[in-house]
Amino acid sequence: MNDLGRIEDLPKDYVQALRDQNLVPLWPSLRGVLPPKVPTRQTQPTCWAYQDIKPLLLKAGELTPIEKAERRVLVLANPGHGLDKMQASAAIYLGMQLLMPGEWAPSHRHTPNAVRMVVEGVGAWTTVDGEKCPMSRGDLILTPTGLWHEHGHDGNEPVIWLDVLDLPLVYYMETSYHINGERQAVVPGQGDKQYARGGVVPSHGFERSKKAYPMLRYAWQDAKAALQSLAADDSALEQVQVTYTNPETGGDAENILGFYALMLRPGQSLRLPARSPAQVFHVIEGAVQAHIVSSIFDMVEADTCCAPGYEAVTLKNPNPSQPAFLFIADESPLHRKLGVYENRG
Ligand code: 1HN
């Protein structure tokens, strides 16, 4: 693999003389940082079963009060990166967060972008930039970079959601920090109501392009209805998928990670091409078998898995009579902006 000469081939005193000057020879490491044809990926195909996470998360609820934790989260860490790194992939962080009835996770803002995918429970809400977003199963709620956000819970059962952040990238760039704030005043006017139907928008009471992130909550019932009507409209459509977008720009909902909902028809097997971005798959409804490199994950509702970039993924719906629905997060907005995006088929 390394045919460019080894560090051991150099005189020890020469290597030490380089070190003393904070100098390093490139050639022994060149193949490592620039491997032939395919990048080295630490990201391993990994699956986290919700039935394994949930009891441990509920236990965290008993062990650690919210006042002490601020955010009560178990991180879904990819062993390929090392568990301490808290990374699912190079750019993606995943965590399962628990909020118990009556608890409040105080207001703060930070540079990493986040989204929440609600997994279980009713009665919780997230206030983002003054907009109070109710949290129901399958809803996607954005907390983009710099916006104040806090979580509360008026219901009477535990609420659990999946956090997806671009924290590993923002941390790597030495740009990750947070600021604590006061409880937010809730302001009227909800982006998810104003933009609920593409093509018809309110004539009064809102202005275009005032906000960088005009829509913060994407209700699952709307995304699911969109998928079902796409599937019904064209029975030959193979990839029944929607992208969560900024309704003003038409671009991705956030700057770094991309978010999508996918419907697998009953019994469908779908091959996703080998593309450069790493991906995360989370089952919202139904069952999904994911083939990723040499791993096969049999996933049920609320299970989550990740796939490295540059690998094709095959998703199968084993149920012959019911569709399956997945939430997908990937690194493609980042890859496109950086000019490294590839689709290798
Ligand atoms: C964060 O602010 C939240 O606001 C959740 O709920 C998870 C992980 C890392 C850094 C900040 C939240 C987070 C986080």
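First listed ligand is number 1; within each ligand, the first listed atom is number 1. Computed over heavy atoms, backbone and side chain alike; hydrogens, waters and symmetry mates excluded. Computed from a predicted structure; not experimentally measured.
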No-hydrogen, no-angle side-chain donor-acceptor test under 3.5 Å, Y213 and N255:
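Y213 vs N255: donor-acceptor pair found between side chains.
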So F259 and F327, would you call those rings parallel, tilted or perpendicular, with 30° and 60° as cut-offs?
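Judged by the thresholds at 30° and 60°, the geometry between F259 and F327 is parallel.
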Check the orientation of H108 and H110. Use parallel for under 30°, tilted for 30 to 60°, and perpendicular for over 60°.
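The arrangement is perpendicular - the two ring planes meet at more than 60°.
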Any carboxylate oxygen within less than 4.0 angstrom of a Lys/Arg side-chain nitrogen, looking at D252 and R336?
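Not counted as a salt bridge, because no side-chain N and carboxylate O are separated by less than 4.0 Å.
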Can you name the side chain to side chain donor-acceptor pair (under 3.5 Å) partners of N156, sequence neighbours left out?
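Not a single residue meets the side chain to side chain donor-acceptor pair (under 3.5 Å) criterion with N156.
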Who are the residue neighbours of ligand 1 when the rule is a heavy atom under 4.0 Å from any of its atoms?
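Contacting ligand 1 under 4.0 Å are R71, Y93, Q97, H108, H110, R116, H149, H151, D163, L165, L167.
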Which of these passes side-chain contact (heavy atoms from CB on, under 4.5 Å) with D166: S176, P333, P112?
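It is P112, the one option of S176, P333, P112 that forms the side-chain contact (heavy atoms from CB on, under 4.5 Å) with D166.
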